Amino acid sequence: MIKLLIRYFNLMVITIFALIVLSFLLPYLFPGDLLTNVSGIVPQSELQREALAKAYRLDQSYFSQFQLYLSNLFSGNWGVSSVSQLDLLEEIKRAFPATLELVIYALLVATFVGIPVGFISGLKHHNPADFSVVTFSIVGYSFPVFWLALLFITIFCLQLQWLPISGRVDLLYEVQHQTGFVIIDIWLSGLDNTKDAYLNALRHAILPTLSIAVVTTALFIRFTRRSTMDVMEKGYIIAAKSRGFTQRQIFFKHGFKNALIPILPILALQISTLITNAMIVENIFSWPGIGYWLIQAIYQQDYPAIRAGMLVVALFVLTLTITIEFITRALDPTKEETARAAV
Amino acid sequence: MQRFSLYQEEFHPSPLANVWIEFKRSHLAVFGLIILGLFLLVTILAPIISPYDPYMQNTNTILLPPVWEPNGSISHFFGTDALGRDVLSRLLYGIRVTFGSSLIIVGIAVFIGVGFGALAGLLSGIKSSVVNHLFDSIMSIPTLLIAIVVVAILGTGLANAIFAITLALVPQFIHQTRSFVKSELTKDYVTLDKLDGAGPVRIFFKSILPNMVELIVVQATIALSIAMIDISALGFLSLGAQTPSIELGQILSESLDSAYVTPWLVALPGIFILLMVLSVNMVGEGLRSALRNRFNH
Amino acid sequence: MALLDIKNLSLYIETANGVVKALDKISFVLNEGEIKALVGESGSGKTLVVKAIIGALPDYWQIKADRLTYKGQDLINMSYEQRRQIMRRDIAVVFQEPTSSLDPSVKLGDQIEESIPPEFINKGWFWERNKQRKDIAIGLLHKVGIRNHKKWMNCFPHEIPSNVSQKIMIAMALASEPSVLIADDSTRSMESTTKTQVLRLLVKLNKTKNLSILFVSHDLLSITSIANSMTVLYCGQTVESGKVRSLLKRPLHPYTKALLDSAPSFQISLPSKSPLKALKGTIPSLQNLPTGCRLGPRCPNARKECVVAPPMRNIQDHQYACHYPLHFPSHKKHATNEMVLKSAPEEIAGKKDIYD
């Protein structure tokens, strides 16, 4: 167990390092002025240019520049945006929790709807209900996320006018930005009409959440159903049946766990797709998350921002994936140390 | 229906024929295949079958509704957009670009990915599990993210988008091929080939490749659906295809300006993207089921 | 008293080529306290019979039988719940592959404790109940001959060797104190030392607990060493049935004789380079089942009448289904004296062997 921990920790460290190196190299690859790309400041005069160049050690070797980059990274000096001149770290700290909030909501929906439906469908298959579940599943994960979001807007916002189009909370409610998570912030802000504020925030969050949740739920259903069907044909299920257990007992004691364990890594992979989809959907709903911020940065060619944003998202995704893989491996008693899961 | 046979021979189809027989049994899969074929036809024949020139603007016919609306006419089957261009023709060309670029992406990715993966699997002697793990982790980054980074570096445009998505998909093929080749090399039938004196090239082409084709085809369908969604997503975000090129995601984003007045302009491109991806996924699912169940007769 | 009574059990399945009769009028009886062997090569339908008894046949099989009863209760028409109760307490099954019959993610100790029926646990507090369960589990393990239970109970299924795991399967089967134990080819892939241990265990259980055992196998050596009676199946049909001793001494069906002869006995010194005895041909596939007696195409004794399936005839508790059994004059009225005498004297004289 400890060996496993060390191995995965090593892996994480190496991967993070590789990512940092990649993000270090980005300014050299981006078009435009190298100095602006690195620092975010557009030099106004020759003097400023020279001072900046010295500060960023552009005259010295790549290695020393890398050292500077590392130290800046860890000290929190991530530079400023070349467009808005705002501090990058602050911007990211403001934007990232918004995306996380969407991701968490969607993940909750997908897990608590998708996995049980997948189980039920896998247990009783080849009947009409199962057929409609499978159809929903295939159509669901074939849907382009952005189009689904547009459809939702067209139907629920424009035609029926039930739900708001953009933002997280109406401007009427002055919610202080403390943690970045709207629900927690409303709770902490001490307004007198918190209940209304919650409702309002929820109404803003429904459509974006649903847009991303549909695809992920469809995938969860598909994988869970397939895994359940495979497990129920295994020998130990038939042996348990021959010992006279009820279907329910067999499923909950043996089927459930053995169906879930092989697919946990795949489900973890879906989280990273979830994040990407969330980033796209944010643009459509003007949800102030990191996807919205990053894509605006690309439109404006704000290279320092792109670099910082990419680093954060990639780091987050990788850490999450490695952690989940580690947890799965630690919980699963059947896999040997050297065997790798093949899907 | 009894087969009349003079001799008591049994009819055993080859495994490949079995796949097709099993595939045919699922009506959904065959339906998906037909739709896929239709899209392929459109991709090839779009310039011939589209009624109008998709670039031609006509200020007399702005925002005509499609044929099922009261003001619509059959001469512009799906109506016209804000610049008077015929929507049907634009959609046909858009299908051509989206589907065609996805095919190109997958084709190149398969070629490069399988090639390198096979080499890596056959020739590697150094046991670098670190590199393997690293590769695994990098692969878990979603393709769209990688594509966005590459587009940010190289700039927007259809060609760059194609390059970016190909770059994002190649590692998956390399990894899958490499692990497949490695695991096949430990199997007994390859050992038998080696004992017969076969060199690595012969082993690869005669023994491993036929078994790998099925895996690659399934992977390719998944990659195709990813490529289609990514290309249209990039087009939608205006990071991929730019005017004047015509791509379904891009048409979608252009139609947002007049979404209130012309809801069909929002619905139609999306429906076609959905149908494309759906047909690929149905065929993919059908193939996977067929490969799994083909010996169950 | 007959525990399992099966008469004329037939199994039908729809294939692309029409309805196929996989099992054709199988009949046998398992009495209390006896060890019965169900013999046949792969493809003879032994596993189908077991599955039909325990109710594990998928829905696309159709079952037709004159009688398929356990202790008089009809197994075909009873409800799922009734059958489940019977399977729970009275009938226990040990399958072929012990490792795949065990849940790979649960410790063995937990799995053994799980198979103890809840009505055996009667203590009050839950810690007492847990202890009682554990004690019963340890007792079961000792009964099957596993001494160091502590080591094995904390392991996972993939960590234990196959002889231990098969014994554990038998222990789990015994937990519910069944009256019938069905062993479906349980010693198939075992080495002879392990096999002997398991067989000895089965005999001991039969003697001490009066446990009736239905031992399904194709391994004649094991069967002849432990079984009281045996039924031979060929390609879904019962060909011969009776006490092991009488079948060994005087097999009436050509297939039984071929089966017995094909097991090389290392005690008899075979002359060098003598051909091994076997019937020509192979077992037919489901698509091409012969009409009538299914051994027909391969049987050296086959004649025109064999396209009609022979009925089961009984002579001194020894059943056989053959128109022209060995050691017997033919029963057919149309047979001429020539034909009647054809089989008997040549074989009695030892000149002609049925394999030529």
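Per chain, numbering begins at 1; letters A, B, ... match sequence-line order. Keep in mind it's a predicted model, so treat the numbers as computed, not measured.
Using a 4.5 Å cut-off between heavy atoms, B:Ile271 contacts chain A through both its backbone and its side chain. Residue contact with chain B, scored on non-hydrogen atoms closer than 4.5 Å, involves the backbone and the side chain of A:Ser272 alike. Only the side chain of A:Val317 comes within contact range of chain B, judged by heavy atoms closer than 4.5 Å. Residue A:Ile306 touches chain B through its side chain alone, counting heavy-atom pairs closer than 4.5 Å. Contact of A:Met12 with chain B is not made at all, since no heavy-atom distance falls under 4.5 Å. Only the side chain of A:Tyr299 comes within contact range of chain B, judged by heavy atoms closer than 4.5 Å. Heavy atoms closer than 4.5 Å to chain A are found nowhere in B:Leu275, neither backbone nor side chain. Residue B:Ile146: no heavy atom, backbone or side chain, is found under 4.5 Å from chain A.
In plain terms, the two heavy atoms of B:Leu274 and A:Ser142 that are nearest each other are CD1-O, 3.7 Å. Between A:Pro144 and B:Ile229, the closest heavy-atom pair is CA-CD1, 4.5 Å. Considering all non-hydrogen atoms of both residues, B:Leu145 and A:Thr276 come closest at N-CG2, 4.3 Å. The minimum heavy-atom distance linking A:Trp147 with B:Val266 is given by the pair NE1-O, 2.9 Å.
Side-chain contact between A:Phe146 and B:Ser232: present, with at least one pair of heavy atoms (C-beta onward) separated by less than 4.5 Å. Under the 4.5 Å side-chain criterion, counting only non-hydrogen atoms from C-beta, A:Ile284 is in contact with B:Phe236. The side-chain heavy atoms of B:Ile273 and A:Phe143, taken from C-beta on, include no pair separated by under 4.5 Å.
Under a cut-off of 6.0 angstrom, the local environment of CZ in A:Phe131 is sparse, with at most 12 non-hydrogen atoms contributed by other residues, nucleotides or ligands. The environment of B:Phe163 atom CZ is sparse: at most 12 non-hydrogen atoms of other residues, nucleotides or ligands sit within 6.0 angstrom.
Here the OG1-CD distance, from B:Thr156 to A:Gln301, works out to 8.5 Å after rounding to the nearest 0.5 Å. With rounding to the nearest 0.5 Å, the separation of CD in B:Glu285 from CZ in A:Arg226 is 8.0 Å. Interatomic distance, CD1 of A:Ile295 versus CG of B:Leu237, reported as 4.5 Å (0.5 Å rounding). The structure places OG of B:Ser253 at 11.5 Å from CG of A:Asn283, a figure rounded to the nearest 0.5 Å.
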